[in-house]
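Quick notes on the structure that follows.
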Amino acid sequence: AKKRGKSCYQFFTTDINTAATEQLALENLLREALARKEFQLYYQPIIDLESGAIVSVEALIRWLDPQLGLISPDTFIPLAEETGLILPLGEWVLLTACTQASIWNQCNPYPIRIAINLSAHQLEQADFSERVSKILKKTALLPHHLELELTESMLINRMESSLKTLNTLKKMGCRLSLDDFGTGYSSLAYLKRFPIDTVKIDRSFVQDISIDPDDAAITTAVTTMAHSLKRKVIAEGVETREHVDFLNKINVDEAQGYFISHPLPASDLSQLLKERRYL
Ligand code: C2E
Ligand code: CA
Ligand code: CA
Ligand code: CA
């Protein structure tokens, strides 16, 4: 048994070392990617369900590695968060997306909002609201055209400092939305405590609204409650005509998903905005 124990131990140290080496290698790759500008933003339109018009666009980051190809954010965002690289990366996202949105709004008679995903680390920066303010000035984007997406898990820790930052952003005129609603602690109490404008119902609920009465009931109840609290509702993961019809019926305000459009490179979205091709 002792012998076996020893070999197990060796096995594990090797394993941990390999994992650590891999982590370090990935971290270096990420650092270099940032320096080499291998990140790209894709943009997914969000439509107003009543008019069918594109009213907002969510910026979604992609990593285009010359060897590995297109890498999904679910793979590298957690790593960027662990290593602190999320701060320069997130700043790059904010600047790039606001620059693009400002261009769209200058050549487009119908202005759109730009929705940007934030990481907890960004919100925890003492000067975060000042950073946002500087970017808005630099890009000449109107504050109410910037929508910052937060998740519930970002709000449970550091309540006081986050609340202060969010209140400042709100006073500046920025909009705040609660992303992935329904997957976390899902307390509507967050709406009371934080200056949230919009709830984004997670796609796991939207997916089955036409076949699962529970998901339909939850989506309807969340929408009714959010509306009575004077908040807007966006449905994510809208993939079929049936989804659109149901969401319309229960008065969800806006919709985002593959049925409307996949996330697109900026030039393709420019085309969509020009065509004003409504749903
Ligand atoms: P998210 O914020 O919930 O973004 C929506 C995700 O759902 C995107 O995945 C989008 O491509 C995908 N999606 C959109 N419509 C549909 C649909 O109809 N069906 C299905 N099945 N999926 C749909 P993506 O682009 O891979 O992003 C994954 C996550 O990575 C995002 O989830 C967000 O949490 C994070 N992320 C993306 N960009 C950034 C960023 O710039 N900063 C930070 N901190 N996180 C980001
Ligand atoms: Ca989001
Ligand atoms: Ca989401
Ligand atoms: Ca989601």
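All residue numbers refer to positions in the sequence shown, counting from 1. Start at 1 and go down the list; that is how both ligands and their atoms are numbered.
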His262 heavy atom under 4.0 Å from ligand 1: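 In this structure, His262 fails to qualify as a contact of ligand 1 - no heavy atom is under 4.0 Å.
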
Contact with ligand 1 for Pro263, non-hydrogen, under 4.0 angstrom: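 A heavy atom of Pro263 does come that close to ligand 1.
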
Pairwise salt bridge (Lys or Arg N to Asp or Glu O under 4.0 Å) hits with a residue in residues 40-63, at least two apart: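 For residues 40-63, and leaving out neighbouring residues, the salt bridge (Lys or Arg N to Asp or Glu O under 4.0 Å) pairs sorted by first residue read Glu58-Lys200.
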
What atoms of ligand 1 come closer than 4.0 angstrom to any heavy atom of [X]?
X	answer
Glu58	2 (O), 4 (O)
Val93	41 (O)
Asp74	28 (C), 29 (C), 30 (O)
Gln44	14 (C), 15 (N)
Glu236	3 (O)
Glu239	17 (C), 18 (O), 19 (N), 20 (C), 21 (N)

Protein N, O or S atoms lying under 3.0 Å from the Ca ion (ligand 2), listed by chain and number: Glu58 OE2, Asn117 OD1, Glu149 OE1, Asp179 OD2

Select one of side chain, backbone, both or neither to describe which atoms of [X] lie under 4.0 Å from any atom of ligand 1, heavy atoms only.
X	result
Gln122	neither
Asp180	side chain
Ile116	neither
Leu60	both
Arg62	side chain

Closest to atom 22 (N) of ligand 1 (judged by heavy-atom distance), picking from Phe76, Tyr258, Phe259: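 The option holding the nearest heavy atom is Tyr258.
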
Check: Thr220 side chain, Ala216 main-chain N or O, donor-acceptor pair, under 3.5 Å: yes

4.5 Å side-chain heavy-atom contact, Ile114 and Glu147: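 Side chain of Ile114 against side chain of Glu147, heavy atoms only: no contact under 4.5 Å found.
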
Please table the atom pairs, donor to acceptor, closer than 3.5 Å between any side-chain atom in residues 64-73 and protein atoms at least two apart or in another chain.
{"unit_1": "Asp65", "atom_1": "OD2", "unit_2": "Gln67", "atom_2": "N", "d": "2.8"}
{"unit_1": "Asp65", "atom_1": "OD2", "unit_2": "Leu68", "atom_2": "N", "d": "2.6"}
{"unit_1": "Ser72", "atom_1": "OG", "unit_2": "Asp74", "atom_2": "N", "d": "3.1"}

Gln256, any N or O under 3.5 Å of ligand 1 N or O: no

N or O pair under 3.5 Å between Asn117 and ligand 1: yes

Distance-only polar pair, side chains of Gln44 and Gln256, donor-acceptor under 3.5 Å: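 A pair is found: one side chain offers a donor N or O, the other an acceptor, under 3.5 Å apart.
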
Sidechain N-carboxylate O distance under 4.0 Å for Asp180, Arg203: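 No.
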
Arg31 and Glu27 ion-paired at < 4.0 Å: yes

Output field: ring centroids Phe181/Tyr190 closer than 6.0 Å: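 Not close enough - the centres of the two rings lie 6.0 Å or further apart.
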
Trp104 ring center near Tyr110 ring center (under 6.0 Å):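 No, ring centres 6.0 Å or more apart.
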
Show me the side-chain donor-acceptor pairs of residues 86-101 shorter than 3.5 Å, one per line, residues at least two apart or across chains.
{"unit_1": "Glu91", "atom_1": "OE1", "unit_2": "Arg131", "atom_2": "NH1", "d": "3.3"}
{"unit_1": "Glu91", "atom_1": "OE2", "unit_2": "Arg131", "atom_2": "NH1", "d": "3.4"}
{"unit_1": "Trp92", "atom_1": "NE1", "unit_2": "Thr96", "atom_2": "OG1", "d": "3.4"}
{"unit_1": "Thr96", "atom_1": "OG1", "unit_2": "Trp92", "atom_2": "O", "d": "2.6"}
{"unit_1": "Thr99", "atom_1": "OG1", "unit_2": "Leu95", "atom_2": "O", "d": "2.6"}

Of Lys232, Arg231, His227, the residue whose pairing with Asp253 passes side-chain hydrogen bond (donor to acceptor under 3.5 Å, both in side chains): His227

Aromatic plane relationship, Trp63 with Phe76 - under 30° parallel, 30 to 60° tilted, over 60° perpendicular: perpendicular

Gap separating the CG atom of Asp268 from the CG atom of Leu273, nearest 0.5 angstrom: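 Answer for the CG-CG pair, Asp268 versus Leu273, is 11.0 Å.
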
From Glu160 atom CD to Leu163 atom CG, the distance as rounded to the nearest 0.5 Å: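 It is 6.0 Å, given to the nearest 0.5 Å.
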
